[in-house]
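No hydrogens, no waters, no symmetry mates; every other heavy atom, side chains included, goes into these values. Worth saying up front: this structure is predicted, and the values here are computed from it rather than measured. Each chain gets a letter, A, B and so on, in the order its sequence line appears, and its residues count up from 1.
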Amino acid sequence: MQHNLFIYNTLSRTKESFQPLHPPHVGMYVCGPTVYGEPHLGHARSAITFDLLFRYLLFLEYKVRYVRNITDVGHLENDADEGEDKIAKKARLEELEPMEVVQHYTNSYHAMMDKLNVSKPSIEPHASGHIMEQIEMIQQILDAGFAYESNGSVYFDVEKYSQSHKYGILSGRILEDLIDNTRTLDGQNEKRRNVDFALWKNAQPEHIMRWKSPWGAGFPGWHMECSAMSCKYLGEVFDIHGGGMDLLFPHHEAEIAQSTVCHHKIPAKYWMHNNMITLSGQKMGKSLGNAITLEQFFTGNHPLLEKAYHPMTIRFFMLQAHYRSPLDFSNEALQAAEKGLQRLLKAVELLDKLKSSETSSVNVGEIEKAVFEALDDDLNSPIAIANLFEAVRTINLVQENKETLTEADLQRLKDMMHGVLFDILGLLPATSSAGDNQLVEKLMALIMEIRANARTNKDWATSDLLRDKLAASGISIKDTKDGATWEVGS
RNA sequence: GGUACCAUGGCCGAGUGGCUAGGCAGCGGUCUGCAAAACCGUGUACAGCAGUUCGACUCUGCUUGGUACCUCCA
């Protein structure tokens, strides 16, 4: 089947046909987490969005190098230039080595991503491991005359840059507005203009994360790492740069300015931004103090959560909204997603048991076409999923002999469902909930046999007693035409 | 204050100048010893006002409400 992938490019604010610079290779860089706290739902949104893209590009048989960084230096506290490095501050509070903190939260992030079935990137570089590259790039910007040194720090000269380049090309910002309207911040005295941003920061004596540089001991500025690392692993110009919408300005704008000075080109062809997760309509964020961590979702251990949610429920919940739309969290929405996903997965299981017919009464190709057209249209996963539900209805109707499918169509539907659901959307097939305990399996088999015998003898009292007692223990029994099944939970 | 964006049925959430999104809930039905589960069927909603148009939820303007960014943030 012919695919023509369109993706929304923030740079042009339109959907563009995706044409890699060097097909079949695709270079993709996504801004990863700052590892100073437990990963929350927002991290999952970004990771799942670009995992979907990564998986779809692989499905389309591109050879993708996916780089997603770990930010472990260079992010300042709210008090901006006078502040200390976030990682360092956290370390002092907990009396740990900074790298110990980094490792701890990196491990958490990885564990949560694994649960969400987020593919690992091809390369996961750490900012702290690329200080040399960042220093070199800063030197290049200084040599080109687009930065100045001040009191052991180096700042990017935005005004100078804007004389020959368009600063604000990505975010649509106008320099004059920024100069007029940027709020007054502390510690602006080192900078010529409030819009200038730090490339290198002089480290105060108490600042424990520090590296030697031509300008003294310090640490790299907020935006250098992504420019340096994307260039190192993907080249001066690569295909896709992704990240959350909140990084659009100033982070990505600064990246463009830095890289443009060094390489005279905008570093990426397509810029993609996922929207935010909101909680009661407000952005969920660590700094806002309203973030629910992924761990809490999986355990249900949070006052706002009515229950624990399976990682796949979270994943499916996100995929049911388009990545560029804000998505509001609620227990009701999550439980709706949980039910819907169950329905989808049950139908996929049922698919293996369907009997084929001489003719097909349903046009499988049509459903398949609709699914892929949706994915091709800027990864419209909600429409793709809606069409998957069309397939579910078909599957159930075939089961009831109200629709028919030929052997070939059955196989085609199977391939499509598996390919889209598991390979592209990255969902995991339903697992039998107690399959990890052989003893339980054997005991339950015995109990089910006793109950089946009672039922054959119309001994409803015994049958109901077993059902009720098991229910009280959290095991539910479902009677179907082909006998009874059991599972832990609802 | 500046710059963007959004406003869809009970909830979540797509989309389009005229034709069914989808999921969950609700309702009706099938199945069942009963129940649960499962399955099938079922909803004409698009903030307000004005305009463009043969026709607007979809285009334009205004109003109201909301969000994001401008400061570390997915």
Between [X] and [Y], is the ring centroid distance below 6.0 Å?
X: A:Y8; Y: A:Y323; result: no
X: A:F197; Y: A:H223; result: yes
X: A:H130; Y: A:Y233; result: yes

Item to complete: Could you tell me whether the phosphate oxygens of B:A74, OP1 or OP2, come under 4.0 Å of any side-chain nitrogen or oxygen in A:T49?
Response: no

Worksheet item: Do the side-chain N or O atoms of A:N396 get closer than 4.0 angstrom to the phosphate oxygens (OP1, OP2) of B:C40?
Response: yes

Fill in: Pair assignment for RNA chain B - dot-bracket with | for other-strand partners, Watson-Crick or G-U under 3.5 Å
(((((((..(((.....[...))).(((((.......)))))....(((((..]....))))))))))))....

Between the side-chain atoms of [X] and the base atoms of [N], is any donor-acceptor pair under 3.5 Å?
X: A:R343; N: B:G23; result: no
X: A:R467; N: B:C34; result: yes
X: A:R173; N: B:C69; result: yes
X: A:D464; N: B:G33; result: yes

Worksheet entry | Nearest-Å distance for atom pair CG/P, residues A:N194 and B:G2 |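 Nearest whole value for this atom pair: 17 Å.
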
Worksheet item: Is a donor on one side and an acceptor on the other found under 3.5 Å between the side chain of A:N275 and the backbone of A:R324?
Response: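 Yes, because the side chain of A:N275 sits within donor-acceptor range (under 3.5 Å) of the backbone of A:R324.
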
Determine, for [X] against [Y], whether the closest basic-nitrogen to carboxylate-oxygen distance falls under 4.0 angstrom.
X: A:K346; Y: A:E349; answer: no
X: A:K166; Y: A:E253; answer: no
X: A:R55; Y: A:D51; answer: yes

Item to complete: Classify every nucleotide of nucleotides 5-12 of chain B by which part a protein heavy atom approaches to under 4.0 Å, writing B for the base, S for the sugar-phosphate alone and - for neither, in 5'-to-3' order.
Response: ------SS

Worksheet item: How many angstroms lie between CD in A:E38 and CD1 in A:I292, if you round to the nearest 0.5 Å?
Response: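 If we round to the nearest 0.5 Å, A:E38:CD and A:I292:CD1 are 14.5 Å apart.
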
Worksheet item: Where the side chain of A:S325 is defined as all heavy atoms beyond and including C-beta, which of B:A74, B:A14, B:A37 is the nearest nucleotide?
Response: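 Taking heavy atoms from C-beta onward, the closest nucleotide is B:A14.
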
Worksheet item: Under the criteria of a ring-centre distance below 5.5 Å and an interplanar angle below 30°, is A:F389 stacked with the base of B:G23?
Response: no

Worksheet item: Between A:T278 and A:L341, who's closer to the 5' end of RNA chain B by nearest nucleotide?
Response: A:L341

Worksheet item: Quick one: on RNA chain B, does A:N387 or A:K402 contact a more 5' nucleotide (nearest heavy atom)?
Response: A:N387

Worksheet item: So what does A:E390 touch, heavy atoms closer than 4.0 Å: a base, only the sugar-phosphate, or nothing?
Response: sugar-phosphate

Practice prompt. Consider only side-chain N and O atoms of A:Y56 and A:D376, and report whether a donor and an acceptor are under 3.5 Å apart.
Written response: yes

